[in-house]
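These notes are about the structure you will find just below.
By convention in this document, chain letters (A, B, ...) are assigned in the order of the sequence lines, proteins followed by strands, and residues within each chain are numbered from 1. Below, each value reflects all heavy atoms present in this structure, side chains not excepted, and no hydrogens, waters or symmetry copies.
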Protein chains: 2
Amino acid sequence: MAEAAAPEAGTGEALCCTSVIEAPLSQAEAAKLARVLDALADPVRLRLLSLVAAQKEICSCDLEAPLAKSQPTVSHHTKVLAEAGLIVGEKRGRWMWWRVEPKRLAAIRAALGG
Amino acid sequence: MAEAAAPEAGTGEALCCTSVIEAPLSQAEAAKLARVLDALADPVRLRLLSLVAAQKEICSCDLEAPLAKSQPTVSHHTKVLAEAGLIVGEKRGRWMWWRVEPKRLAAIRAALGG
DNA sequence: ATGATGAATCGACGGTGGTCAATACGTGGA
DNA sequence: TCCACGTATTGACCACCGTCGATTCATCAT
């Protein structure tokens with residue numbers, strides 16, 4: 001099967017009705033928000049995200065060195081971020097190019113009371 | 001030893017120099033941000049935080065029922081959130097009262113590009 | 001003092017996540 | 001067609017986390 005790294009939900013949708021500080025979250029809202037935050041709550045993934053954002057587009061092979069991680073590990077982290085809708089990838093030839101999804105980050109900020 | 005639930009850093013400080021989407025994060029910045037996000041990346045803690053925020057002040061004993069968790073589990077989660085600087089607690093008599101630290105949430109939003 | 005109540009800690013269990021070596025998959029060039 | 005290269009997946013290992021029962025600690029009332 002090839003479910004790959006498709007984000008489970010649209011990246012433009014709100015993560016919860018209002019925000020965490022405005023009203024008690026339902027279990028479903030909390031679960032959804034927690035999943036996205038979990039993707040961010042890792043130092044390697046945060047640095048990966050910042051590297052992608054810094055160049056607007058970057059190849060997977062150019063992430064191994066700055067992150068000091070093996071190729072499988074980088075692939076794992078890009079997949080996690082992609083499934084969370086924080087980055088999107090496009091395969092061109094043999095290379096995988098990544099870019100950030102600013103709307104997703106904005107949705108997280110909004111859920112956090114932005 | 002009694003280090004208890006004291007936040008490891010001031011709750012008013014920025015979590016990283018600029019934001020994740022502006023420049024590559026250093027390992028230290030990424031680690032610091034990841035620690036705070038990790039405190040948030042749990043559905044029970046997100047709901048706990050929203051419950052505290054909804055009432056401006058709430059007793060630990062009034063969290064067990066809505067969260068449907070045991071007293072030790074609630075105590076564990078409040079400690080994690082407090083160490084992350086997201087909530088602050090004050091013991092009055094036999095009861096522990098919690099309130100949110102809005103500045104901390106704002107710092108996270110800023111680190112996420114707010 | 002003694003007992004009652006609320007909270008924190010301890011110990012243990014099961015589940016999950018980060019990591020890498022090895023391998024499989026896809027694409028493009030010779 | 002065959003090989004080289006970049007990527008994705010598998011399997012395994014180790015560490016960490018969420019949870020709860022049992023216990024301990026702290027505070028107040030009697």
In whole angstrom, what separates A:Arg92's CZ from D:dT7's P?
12 Å

Tell me the interatomic distance from A:Arg94, atom CZ, to C:dT27, atom P, rounded to whole angstroms.
11 Å

The residue among A:Val100, A:Ile87, A:Val52 that forms side chain to side chain contact (heavy atoms under 4.5 Å, CB included) with A:Ile58 is A:Val52

Without decimals, in angstroms, what is the distance between B:Glu64 CD and C:dT5 C1'?
12 Å

Base, sugar-phosphate or nothing for B:Ser75? Non-hydrogen atoms, less than 4.0 Å.
base

Rounding to a whole Å, what distance do you find between B:Glu83:CD and D:dG18:C1'?
15 Å

Expressed in angstrom and rounded to an integer, what is the separation of B:Trp98 atom CH2 from C:dA8 atom C1'?
10 Å

Overall bend - the helix from C:dA1-D:dT30 to C:dA30-D:dT1, comparing terminal axes fitted on five pairs, nearest 10 degrees
20°

Return no unless some side-chain N or O of A:Lys91 is found under 4.0 Å from OP1 or OP2 of D:dA8.
no

Would one find more than 12 heavy atoms of other residues, nucleotides or ligands at under 6.0 Å from atom CD of A:Glu22?
yes

Looking at A:Val20 and B:Leu46, what are the two nearest heavy atoms and their distance?
CG1-O, 4.2 Å

Between C1' on C:dC25 and CE on A:Met96, what's the gap in Å once rounded to a whole number?
14 Å

Would you check if A:Arg99 and A:Val88 make a side-chain contact, meaning some heavy-atom pair closer than 4.5 Å?
yes

Which atom names give the shortest non-hydrogen contact between B:Ala30 and A:Pro43, and what distance separates them?
CB-O, 3.5 Å

Pairs meeting criterion salt bridge (Lys or Arg N to Asp or Glu O under 4.0 Å) with involvement of residues 43-61 of chain A, two or more places apart:
A:Glu57-A:Arg92

Please determine if a side-chain N or O atom of A:Lys79 lies less than 4.0 Å away from the OP1 or OP2 oxygen of D:dT9.
yes

Atom CH2 of B:Trp95 to atom P of C:dT5: distance rounded to whole Å?
11 Å

Listing time: all N or O pairs from protein to nucleotides 12-20 of chain C that are below 3.5 Å?
unit_1: C:dG18; atom_1: OP1; unit_2: A:Arg45; atom_2: NH1; d: 3.0
unit_1: C:dG18; atom_1: OP1; unit_2: A:Arg45; atom_2: NH2; d: 2.7
unit_1: C:dG18; atom_1: OP2; unit_2: A:His76; atom_2: NE2; d: 3.3
unit_1: C:dT19; atom_1: OP1; unit_2: A:Lys69; atom_2: NZ; d: 3.1
unit_1: C:dT19; atom_1: OP2; unit_2: A:His77; atom_2: NE2; d: 2.3
unit_1: C:dC20; atom_1: OP2; unit_2: A:Ser70; atom_2: N; d: 3.1
unit_1: C:dC20; atom_1: OP2; unit_2: A:Ser70; atom_2: OG; d: 3.0
unit_1: C:dC20; atom_1: OP2; unit_2: A:Thr73; atom_2: OG1; d: 2.7

Out of curiosity, B:Met96 CE to B:Thr78 OG1, how far, rounded to the nearest 0.5 Å?
7.5 Å

If Ile, Leu, Val, Met, Phe, Trp and Tyr residues are connected whenever their side-chain heavy atoms lie under 4.5 Å apart, and connections chain through other members, are B:Val80 and B:Leu48 in the same group?
no

Count the heavy atoms belonging to other residues, nucleotides or ligands that lie under 6.0 Å from CD of B:Gln27, then report whether that count exceeds 12.
no

Expressed as a whole number of angstroms, how long is the span from B:Glu90:CD to C:dA8:P?
13 Å

